Amino acid sequence: MRQYTLRRLSYVPIVVIAVSLITFFTLRLPWVTDPAILMCGMNCSVENEQIIRESMGLDESVGVQFMNYLKDVVTGDFGLTFRGQQPVAQEIINRLPVTFEIMGLAMFFTTVMGVTFGVLSAVKQNTFTDYGLRVFAVLGQAIPDFFLLVLLIVLPSLWWNYSPPVGGHVSIFEDPWTNLRLYVPPAFVVALSSSAVLMRVTRSSMLEVLRQDYVRTARAKGLSENVVILSHSLRNALVPIVTIIGSYLIALFFGSVIIELVFSINGVGQFLLTSALAYDFPVLQFLVLYTALVIMVINLAIDLSYALLDPRVKYR
């Protein structure tokens with residue numbers, strides 16, 4: 001496993017260069033709007049536009065710009081935002097706790113509801129409980145997240161004259177109650193659709209495992225039903241479950257954009273969207289590179305977890 005891990009990690013520099021190259025030159029295609037023109041405005045003079053272009057380094061050739069960009073990436077300097085001229089890395093770091101908390105809460109609700117309901121549905125197969133949970137799974141996948149988030153704001157104000165907190169950020173260490181009121185409801189709503197998919201995968205995986213001979217043998221030995229389900233069945237059904245959880249962890253990075261926009265939360269997702277609309281090249285380049293590295297790390301963690309969950313899996 002050690003050699004496999006080192007081999008996978010050796011791909012990181014290649015991915016960094018490839019992603020940087022593709023992102024850098026894609027943003028500078030002829031039909032992409034020049035950020036200097038956007039910053040200068042409609043009635044900007046040629047002289048002012050040239051000054052802005054020189055200050056942002058856009059007056060140099062594309063090849064020189066790319067080599068300077070790679071050198072800065074290696075040294076940890078990701079440049080300044082076009083809007084505000086603030087360090088890109090610092091702007092992202094300031095927003096990461098917000099996005100990570102949203103992702104963590106949503107992933108927690110997704111895992112707890114998806115795995116619990118999936119196991120319960122499999123154990124209670126073809127009963128009223130199973131049918132009810134399967135209806136929940138269908139509805140959870142059918143209703144869009146943004147629609148539920150809007151209802152989360154509108155319905156409490158109509159029914160109970162309660163308006164959930166919107167906008168801003170309060171650290172959980174400063175005011176835990178306000179922090180949870182701000183982030184728990186939207187994270188729970190977003191987790192409904194992903195937990196519905198996870199529930200169906202868990203149910204199918206558990207049903208397949210419950211039909212195996214070793215499960216019948218465990219029951220014949222007189223083991224309690226909880227031990228049979230949790231220790232013998234669920235553990236052997238975890239491989240596809242972990243795969244789904246990992247894929248949704250990646251998707252939640254982009255799914256947090258919906259929460260941050262609806263609830264006016266200044267996180268990484270909202271920052272990415274506003275930067276894309278403003279053609280803020282340094283921010284987009286950093287976020288694409290950051291996302292690629294996060295996906296690589298999560299996929300590696302998923303692959304390594306297979307060997308821990310199933311001793312039959314070997315890596316060379």
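Please read all numbers here as calculations on a predicted model, not as lab measurements.
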What closest approach, in Å, do [X] and [Y] show between heavy atoms, and which atom pair accounts for it?
X    : Y    : value
G246 : I302 : CA-CD1, 3.3 Å
V98  : Y183 : CG1-OH, 3.5 Å
V15  : A292 : CG1-CB, 4.5 Å
N126 : D130 : N-OD2, 2.8 Å
G118 : M199 : N-CG, 3.3 Å
V209 : A237 : CG2-CB, 3.8 Å

Do [X] and [Y] come within less than 4.5 Å of each other through their side chains, counting heavy atoms only?
X    : Y    : value
Y131 : V135 : no
M67  : K71  : no
F100 : V268 : no
T23  : L284 : no
F271 : V283 : yes

Between atom [atom1] of [X] and atom [atom2] of [Y], what is the distance when rounded to the nearest 0.5 Å?
X    : Y    : atom1 : atom2 : answer
L249 : N299 : CG    : CG    : 10.0 Å
I295 : Y290 : CD1   : OH    : 10.5 Å
S305 : I241 : OG    : CD1   : 11.5 Å
T243 : L238 : OG1   : CG    : 10.0 Å
F66  : L21  : CZ    : CG    : 4.5 Å
I245 : T202 : CD1   : OG1   : 7.0 Å

Say whether [X] and [Y] are linked into one hydrophobic cluster, either directly or through other cluster members, by side-chain heavy-atom distances under 4.5 angstrom.
X    : Y    : answer
V12  : F286 : yes
L293 : I93  : no
L198 : L139 : no
Y11  : V288 : yes
L133 : F188 : yes

So, [X] side chain and [Y] main chain: donor-acceptor pair closer than 3.5 Å or not?
X    : Y    : answer
S121 : F117 : no
T99  : L96  : no
S20  : I17  : no
T116 : M113 : no

Worksheet item: With sequence neighbours excluded, what pairs up with S193 under the side chain to side chain donor-acceptor pair (under 3.5 Å) test?
Response: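 Side chain to side chain donor-acceptor pair (under 3.5 Å) list for S193, sorted by chain: D145.
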Worksheet entry | Residues in side chain to side chain donor-acceptor pair (under 3.5 Å) contact with Q90, at least two apart in sequence or another chain | N94
Are more than 12 heavy atoms, taken from residues, nucleotides or ligands other than [X], located less than 6.0 Å from that residue's [atom1] atom?
X    : atom1 : value
R200 : CZ    : no
E208 : CD    : no
F136 : CZ    : yes

Residues 102-112, side-chain donor-acceptor partners within the protein, below 3.5 Å, at least two apart:
residue : atom : partner : partner atom : Å
T110    : OG1  : A106    : O            : 2.7
T110    : OG1  : S194    : OG           : 2.7
T111    : OG1  : M107    : O            : 2.9

